[in-house]
Every structure is written in structure tokens, then in C-alpha cells.
Amino acid sequence: MIKLAIFDLDGTLLNTIEDLAVSVNYSLEKCGFPPHPIDAYKKFVGNGINNLFLRALPEGEKNDTNIERMREFFLPYYADNGTKYTHPYEGIPELLKAITEKGIKIAVASNKYQEATVKIIANYFPDTDFCAVFGQREGIPVKPDPAIVFDILQLTGISADHTIYIGDSGVDMQTAKNSSLQSIGVTWGFRDEEELRTNGAVHIVNNPEEIIRIIDNENQR
């Protein structure tokens with residue numbers, strides 16, 4: 001029986017790509033580097049902001065010094081401008097409501113830094129009762145390391161065999177596998193179906209309603 005659903009954030013619950021792209025491009029330009037097209041960022045995101053900066057930096061400029069320079073520009077800019085274009089994917093608010101009405105707990109496990117994760121969830125889902133909202137935290141390895149999932153399981157007291165993980169990337173599918181969780185890969189996010197399958201997605205869905213059907217099927221067994 002499914003008692004807990006853990007969601008990735010960027011590309012799963014929210015389409016954040018344009019705000020991320022604009023903010024990183026702003027930081028690149030402040031550092032004297034060229035920007036990228038918005039769609040390019042779909043391949044850059046997913047492993048935390050330091051890796052996002054590393055992928056966006058030009059060849060020959062990918063170093064810790066430039067990553068730190070990027071952070072200094074990105075963090076305040078994204079804090080002030082990170083919700084201009086971001087929006088929930090169609091059907092997501094209804095999905096979260098339907099899951100919680102079934103008595104299933106919901107949580108967020110993101111590689112977005114913690115402050116932004118908490119802020120953006122509060123902004124877009126103010127009436128949704130998440131039992132945990134975890135982003136990238138100091139001293140905790142990023143996904144696909146399972147640490148973030150284990151923290152959620154410990155907090156809720158729910159075991160892995162009663163938990164399902166929903167995400168849009170290979171990193172998410174690897175995280176689920178590393179945590180011994182059943183996974184659902186969503187095709188409306190930043191990565192394609194091939195990446196999800198290659199990285200071990202147990203289920204593939206094309207719309208949020210399919211997630212409800214999977215949960216119902218699991219809970220009828």
C-alpha cells in the first residue's frame with residue numbers, strides 16, 4: 001500500500017526552466033560570459049546549482065572560482081525574480097489534492113537549494129500540506145544519493161515499500177532506485193522518456209491523472 005508520495009520539484013511539480021535560465025544568464029553576463037538559449041537549460045538542471053553553473057560556464061572557465069562568482073550574482077537575483085515565469089504543470093494542484101484526500105502523505109525532495117525550495121513551494125502551493133519539503137542542504141549530498149529520501153522516510157516513519165517517488169529525470173529515477181523506491185517518470189518535464197527508461201523508471205506517465213491510477217492500483221492489491 002502506498003502511504004507516501006515523494007515528488008521532485010523542478011520539471012515535475014513546477015515548470016521553472018525560464019526563471020532558472022534567465023537568472024543564470026544574468027549571472028553569466030555579469031561575469032562576462034555568453035548566455036544560453038532557454039531550452040539549453042533543460043539539460044543543465046538536475047544536480048544542484050553548482051553543477052548548473054558548471055554546465056553553463058564556457059569551456060576553459062569551469063572552475064570553483066567562477067562557480068562562486070556565479071553564486072554571488074545568482075542567489076539574490078533568483079530570490080527576487082524566480083517566480084516571474086514559473087507555474088505548476090497542468091493538473092498538478094488537482095493531483096496533490098487528490099492524493100492527500102486519500103490519506104497519503106506528500107513530500108518534496110529537490111536538488112534546488114533549500115531556501116528556494118521552501119519559498120517556491122509556499123508560493124505556489126500555500127494550501128497544500130506537505131509533510132516534508134527538502135532541497136539541497138549544507139552537508140547533505142545531492143540526488144541521486146538517497147540521503148534526502150532517507151531523511152523523509154525517517155521523518156514520516158513510513159518505509160520504502162510503502163513509498164513512491166515521482167520525477168522527470170534520470171537523476172530522479174536513480175534516486176528512487178538507490179532508495180529502493182518504486183518510481184514514476186513523468187514526460188512533461190525537462191527530460192525525455194528515453195532517459196527515464198534508461199535510468200530504470202518503473203512507470204512512465206504522460207499526465208498527472210495516470211499517477212492517481214497507479215497509486216489506486218497499488219492500493220487495491
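Contact detail for T156 and C131: the closest heavy-atom pair is CG2-SG, 3.5 Å. Nearest heavy atoms, K3 versus I158: O-CD1, 3.7 Å. What you find for F190 and D168 is that their closest heavy atoms are N-OD2, 2.9 Å. Across all their heavy atoms, L28 and P34 have their closest contact at CD1-O, 3.5 Å.
Within a 6.0 Å sphere centred on CG of D80, other residues, nucleotides and ligands contribute more than 12 heavy atoms. Residue-environment remark: CD (E218) exceeds the threshold of 12 foreign heavy atoms within 6.0 Å.
Atoms CZ and CG, on R69 and N63 in that order, are 9.0 Å from each other to the nearest 0.5 Å. To the nearest 0.5 angstrom, L13 atom CG is 8.0 Å from I106 atom CD1. A distance of 10.5 Å separates CG of L75 from CE of M70, quoted to the nearest 0.5 Å. Between the CG atom of N15 and the CH2 atom of W188 there is a distance of 12.0 Å, given to the nearest 0.5 Å. Taken to the nearest 0.5 Å, the OG1 atom of T12 stands 8.0 Å off from the CD1 atom of I92. L96 CG to E101 CD: the interatomic distance, rounded to the nearest 0.5 Å, is 11.0 Å.
Between the side chain of D145 and the main chain of P141, no donor-acceptor pair closer than 3.5 Å is present. Between the side chain of N66 and the backbone N or O of K62, no donor-acceptor pair lies under 3.5 Å. The closest donor-acceptor contact from the side chain of R191 to the backbone of K42 lies under 3.5 Å. No donor-acceptor distance shorter than 3.5 angstrom exists from the side chain of K143 to the backbone of T175, with no hydrogens or angles considered. Formation of a donor-acceptor pair under 3.5 Å by the S23 side chain with backbone atoms of L20 is not found in this model. Side chain of D19 to backbone of Y85: a donor-acceptor contact under 3.5 angstrom is found. Side chain of H162 to main chain of I2: no donor-acceptor pair is present (N/O by atom type, distance under 3.5 Å, no hydrogens or angles). Between the side chain of S179 and the main chain of L181, no donor-acceptor pair closer than 3.5 Å is present. Looking only at distances, no side-chain donor or acceptor of N199 sits under 3.5 Å from a matching main-chain atom of Q174. E195 places no side-chain N or O within 3.5 Å of a backbone atom of S169 that could act as its donor or acceptor partner.
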Might you work through the side-chain contact (heavy atoms from CB on, under 4.5 Å) test for I121 and F7, ending with a clear yes or no? CA-CA 12 Å; I121 285 292; F7 288 87; over 6 Å; no
Trace of the side-chain contact (heavy atoms from CB on, under 4.5 Å) decision for I99 with K105: CA-CA 8 Å; I99 291 176; K105 294 182 182 295; over 6 Å; no
K30 vs S27, test: side-chain contact (heavy atoms from CB on, under 4.5 Å). Steps then yes/no. CA-CA 5 Å; K30 283 291 186 179; S27 305; 5.6 Å; no
side-chain contact (heavy atoms from CB on, under 4.5 Å) evaluation trace for D10 with I17: CA-CA 8 Å; D10 300 80; I17 202 68; over 6 Å; no
Determine, stepwise, if the pair N123 / T83 fulfils side chain to side chain donor-acceptor pair (under 3.5 Å). CA-CA 9 Å; N123 185 74; T83 57; 4.7 Å; no
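Hydrophobic clustering of Ile, Leu, Val, Met, Phe, Trp and Tyr side chains at less than 4.5 Å, counting indirect connections, unites Y165 with F150. In this structure, L95 is a member of the same hydrophobic cluster as I214, with clusters built from ILVMFWY side-chain heavy atoms closer than 4.5 Å. The cluster map of Ile, Leu, Val, Met, Phe, Trp and Tyr, joined by side-chain heavy atoms under 4.5 Å apart, puts I6 and I148 in the same cluster. The hydrophobic clustering, which links ILVMFWY residues whose side-chain heavy atoms are closer than 4.5 Å, places V108 and Y113 together. Under a hydrophobic clustering in which Ile, Leu, Val, Met, Phe, Trp and Tyr are joined whenever their side-chain heavy atoms come within less than 4.5 Å, directly or via other members, V171 and L52 fall into different clusters.
Inter-residue side-chain proximity for V186 and L196 is flagged as unmet; no heavy-atom pair is nearer than 4.5 Å. Contact annotation: the side chain of I164 approaches that of I166 to within less than 4.5 Å [non-hydrogen atoms, C-beta and beyond]. At a threshold of 4.5 Å between non-hydrogen side-chain atoms, the residues P208 and E94 do not count as touching. N25 places none of its side-chain heavy atoms less than 4.5 Å from the side chain of V22. Residues F44 and L54 are not in side-chain contact: their nearest non-hydrogen atoms beyond the backbone lie 4.5 Å or more apart.
Electrostatic pairing of D151 and R137 counts as a salt bridge here, judged by a charged N lying under 4.0 Å from a carboxylate O.
Remark: the E210 side chain and the N207 side chain contain an N/O donor-acceptor pair separated by less than 3.5 Å. Residues T187 and N206 have side chains that bring a donor and an acceptor to within less than 3.5 angstrom of each other.
Ring planes of H36 and Y41: perpendicular class, angle over 60° (limits at 30 and 60°).
No cation-pi contact links R55 to F53, judged by a cut-off of 6.0 Å to the six-membered ring centre and 45° from its axis.
A distance of 6.0 Å or more separates the ring centres of H87 and Y124.
Among K112, E115, K119, the one residue that satisfies the side-chain hydrogen bond (donor to acceptor under 3.5 Å, both in side chains) test with Y78 is K112.
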